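Not measured: the values here are computed from a predicted model. For the numbers below, each heavy atom of this structure counts, side chains included, while hydrogens, waters and symmetry mates do not.
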Amino acid sequence: MATAIYARQSIDKKESLSIEAQIDICKKECNGKNQFIIYKDKGYSGKNTDRPGFCKMMQNIRNGTIDRVIVYRLDRLSRSITDFGQIWEEMDNYSVSFTSVNEKFDTETPVGRAMIYIIMVFAQLERETIAGRIKDNYYERAKYGTWLGGPAPFGFNNGRTILSGKSVPTLTTNEHIKTVEKMFYTYIKDGESLSSIAKLLSMENIFCSSRKAWDSVAVSRILHSPVYVQADIDVYTYYHNKGITKYFNRIDEFDGTHAAQLIGKRNVSTGKYKDFKDNALSLMNFPGIIPSGIWLECQYKLDRNRQFKNSGKGNNSWLTGLLKCEKCGYAVIVKKGYKNNLFLACSGRYNMHICDRKEFLININEIEDTVQKSIEEILAICYNNSGTGSICSPKQKTELAKIDEKIEKLVNCIAESTEITMPYLNRQIEKLDEERKKIISSAETKQKSCKYKPVNIIFQNLDNNHKHQVAEAFISKILTGKDSLEIIWKI
C-alpha cells in the first residue's frame, strides 16, 4: 500500500505555492515510512473534480493500491464542500486516511475525524439547500403549466411556447397522437383488453416509444396518463376521490380546455404513482386531446381490472425467469397444455408478436436435468474448496513444521543414545508432542467457534423455491433454442 501525494495549481501566481513546493511539504508528512505516489494537476481549477491527476488517484484508491492521501491544503483537493464530502465518503469506504498539512488535521486522529464530520455537516446542508431550491423552482414552473422535463410522452414532442413574454417548455403533438386516440376509443369497447391493444399495435408495426414491441404495461401507462385528457371538473373530482389534495389551479380553471399532469414520486420499478395523497395535480399550457368522458371510462375500467399478485408464478418449473429465447431474447415461459403436459412458449411471439419461434423440441424436464447436473458440479467444487481440508493457519502450520523437524532430529538421536541420554530424549519428544497437540487443539477450537461454516447443499433434495434461489445465484440466463440450450453463468 502506498501514500498518495496530490498537488494542484490552476495558474502560476507570485503568492501561490508551486506544485513542486506543495509536493516537498507533503513528503515531509510521510516521514520516510511509506512509499509515495505523486499525482498533480497543473492548470486545472478546483471547482470540479474533472482533472486527470485526481481521477487517476481516485481510480488507484478503488484498486486498493493507496491507503493514505496527503495534500498541502484542503482546497487543493476541491474548492466545493459538497465535492469534498463525496470524495471523503469514497475514501472512507476504501479505508483511506486523509491529511491536510496546512489545516493541520489528519483523519487518523480524533480531532481530524471531527473536522471531517463538521465539513460533512456543511456539505449536507449545502445539498439540502440546493435540493430545496430545485424543488421550489420545480413547483413554481408547475404553477404555469409547463412541461417539467424528461422524454415527451408517446404522441408528443418537446417544444417551447411563449407565456407572459417568456419562452417556456411545452408539448406539441406529432403523428402518433392518432394512435393514442385509437387506444383510448378501442379500450372502452367490450371484450378489449390491454393485451389485445398491444397485439393490434404490434401487428400494425406501430413502434412503442421505448422499444419495438408493445405490451400491456406500455399501453396501461398511456391510458393512465392525464397528459392526454381534456381536464374538466369531472377529472378534478376523480383525482380528488383518489386522495389528491394539492392543486396548482383553482377548481373553476378545470374547464376542459387544458391537459393535466401529476406531480410527485413514482414507483421506481413500475413507473406508477404509489400514493396519490403525496401527489399534486396541475393543468398544462397546451390543450387536451381525449374528452374527459372517454378518459374517465378508461380509468374506471382500469380500476376494475387491477392486476393482483400472481401467487402461482414459477410453479411449473424452478427455472422460471431464467429461460430466454435464443432468437429474440424475450422470456421463454413454461405452460400447461393438454392433459397438463408442460411445454415451452416464447413470450416474444405470444405477447410481443415479434418472434416467429413457434415451438421448442427440447422439453423442460431435459433442460432442468442438464442445468441441475451443471449446478451440482459447481456446488461440489465450492464445498471441496471451502477450507475443510486444513484447520490450521499459515503461522500454525509453520510452528508445526518446526516441531516435527525437532522431533525427527531427536528420534534420530535415539539410535545413538545411552541409558543416561535416553530418558532425556524421550521427555523432550513428549514435550514437543504436547506443544503440537495444543496448536492443533487451538485451531479446532477456533474452527468450532467460527460463525460461518461451509454447507454441503444437496441440490436434488431442495424444493422448487430453493432450487430457483440457488440457480439465480449462479446463472445469468439460459438461452433456449429449438433443440438446444446455452447456460450463461454469472461466475
Side-chain angles (χ1 to χ4, degrees), residues 193-195 198-199 202 211-218 268-270 307-389 452-491:
S193 64
L194 298 175
S195 59
K199 181 178 180 179
S202 296
R211 51 184 168 174
K212 184 177 179 180
W214 287 88
D215 59 15
S216 299
V217 174
V268 176
S269 59
T270 64
Q307 295 181 357
F308 294 92
K309 184 178 180 182
N310 182 9
S311 59
K313 183 179 180 181
N315 284 344
N316 293 331
S317 172
W318 50 271
L319 290 177
T320 298
L322 293 173
L323 299 173
K324 305 293 179 182
C325 177
E326 182 185 53
K327 198 164 190 178
C328 68
Y330 280 93
V332 173
I333 54 181
V334 184
K335 289 189 171 185
K336 283 186 179 180
Y338 180 67
K339 291 185 178 180
N340 289 329
N341 290 328
L342 299 178
F343 69 95
L344 301 178
C346 173
S347 63
R349 172 180 173 81
Y350 291 97
N351 294 342
M352 306 298 179
H353 317 289
I354 61 170
C355 184
D356 58 3
R357 175 70 73 203
K358 294 183 179 179
E359 61 178 351
F360 295 89
L361 299 181
I362 187 171
N363 64 57
I364 187 60
N365 293 327
E366 292 173 327
I367 296 176
E368 286 185 347
D369 289 343
T370 301
V371 176
Q372 179 167 319
K373 288 177 182 177
S374 299
I375 291 177
E376 286 175 340
E377 290 175 3
I378 292 175
L379 290 174
I381 294 171
C382 292
Y383 181 70
N384 292 334
N385 294 338
S386 61
T388 57
Y452 301 102
K453 295 180 173 62
V455 177
N456 187 15
I457 298 175
I458 310 301
F459 189 79
Q460 64 180 4
N461 294 340
L462 300 177
D463 59 28
N464 276 4
N465 184 42
H466 287 99
K467 281 185 177 180
H468 182 74
Q469 291 177 16
V470 174
E472 276 195 321
F474 289 106
I475 299 173
S476 175
K477 57 185 174 181
I478 302 171
L479 296 178
T480 311
K482 187 174 183 179
D483 56 2
S484 63
L485 64 91
E486 178 186 1
I487 303 174
I488 308 299
W489 301 94
K490 291 181 180 179
I491 54 177

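Once rounded to the nearest 0.5 Å, the distance linking CG of Asn316 with CZ of Phe343 reads 10.0 Å. Rounding to the nearest 0.5 Å places CG of Asn365 at 11.0 Å from CD of Gln372. In this structure, the separation between CG on Leu379 and OG on Ser374 is 11.0 Å, given to the nearest 0.5 Å. Taking CD1 of Ile378 as the start and CD1 of Ile475 as the end, the distance is 7.5 Å to the nearest 0.5 Å. Rounding to the nearest 0.5 angstrom, the gap separating the SG atom in Cys355 from the CD atom in Glu326 is 10.5 Å. Here CZ of Phe474 is found 13.0 Å from CG of Leu322. Values are rounded to the nearest 0.5 Å.
Annotation: side chain of Thr480 is not in contact with side chain of Lys324 (no heavy-atom distance under 4.5 Å). Contact of the Ile364 side chain with the Leu323 side chain is registered, since non-hydrogen atoms from C-beta on lie closer than 4.5 Å. Looking at heavy atoms from C-beta onward, Leu479 lies out of side-chain contact with Leu485 at the 4.5 angstrom threshold. Counting only heavy atoms from C-beta outward, the side chains of Trp318 and Leu462 never approach each other to under 4.5 Å. Taking the side chain as every heavy atom from C-beta outward, Asn363 and Leu342 never approach each other to under 4.5 Å.
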Set out, in order, the CA-CA distance, both residues' side-chain angles and the distance that settles side-chain contact (heavy atoms from CB on, under 4.5 Å) for Ile375 and Lys467, then state yes or no.
CA-CA 10 Å; Ile375 291 177; Lys467 281 185 177 180; over 6 Å; no
Take Leu344 and Val334 through the test side-chain contact (heavy atoms from CB on, under 4.5 Å) and record every step on the way to the result.
CA-CA 5 Å; Leu344 301 178; Val334 184; 3.8 Å; yes
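Here the closest heavy-atom approach between residue Gly481 and residue Ile362 is recorded as O-CG2, 4.1 Å. Between Leu361 and Asp483, the shortest heavy-atom contact is CB-CB, 4.2 Å. Lys490 and Ser476 make their closest contact through CG-N, 3.6 Å (heavy atoms, listed as atom of the first residue, atom of the second, distance). What you find for Val332 and Cys325 is that their closest heavy atoms are CG2-N, 3.3 Å. Summarising the geometry of Ser195 relative to Ser193, their closest heavy-atom pair is OG-OG, 3.1 Å, with the distance given to 0.1 Å.
Here the side chain of Ser347 pairs no donor or acceptor atom with the backbone of Tyr330 at under 3.5 angstrom. A donor-acceptor pair is defined here as one N or O able to donate and one able to accept, closer than 3.5 Å; such a pair exists between the side chain of Thr320 and the backbone of Ser317.
Legend: residues meeting side chain to side chain donor-acceptor pair (under 3.5 Å) with Gln469, ordered by chain and number and at least two apart, are absent.
Residues His468 and Asn465 have side chains that never bring a donor and an acceptor to within less than 3.5 angstrom of each other.
Heavy-atom contacts from other residues, nucleotides or ligands closer than 6.0 Å to NZ of Lys477 number 12 or fewer.
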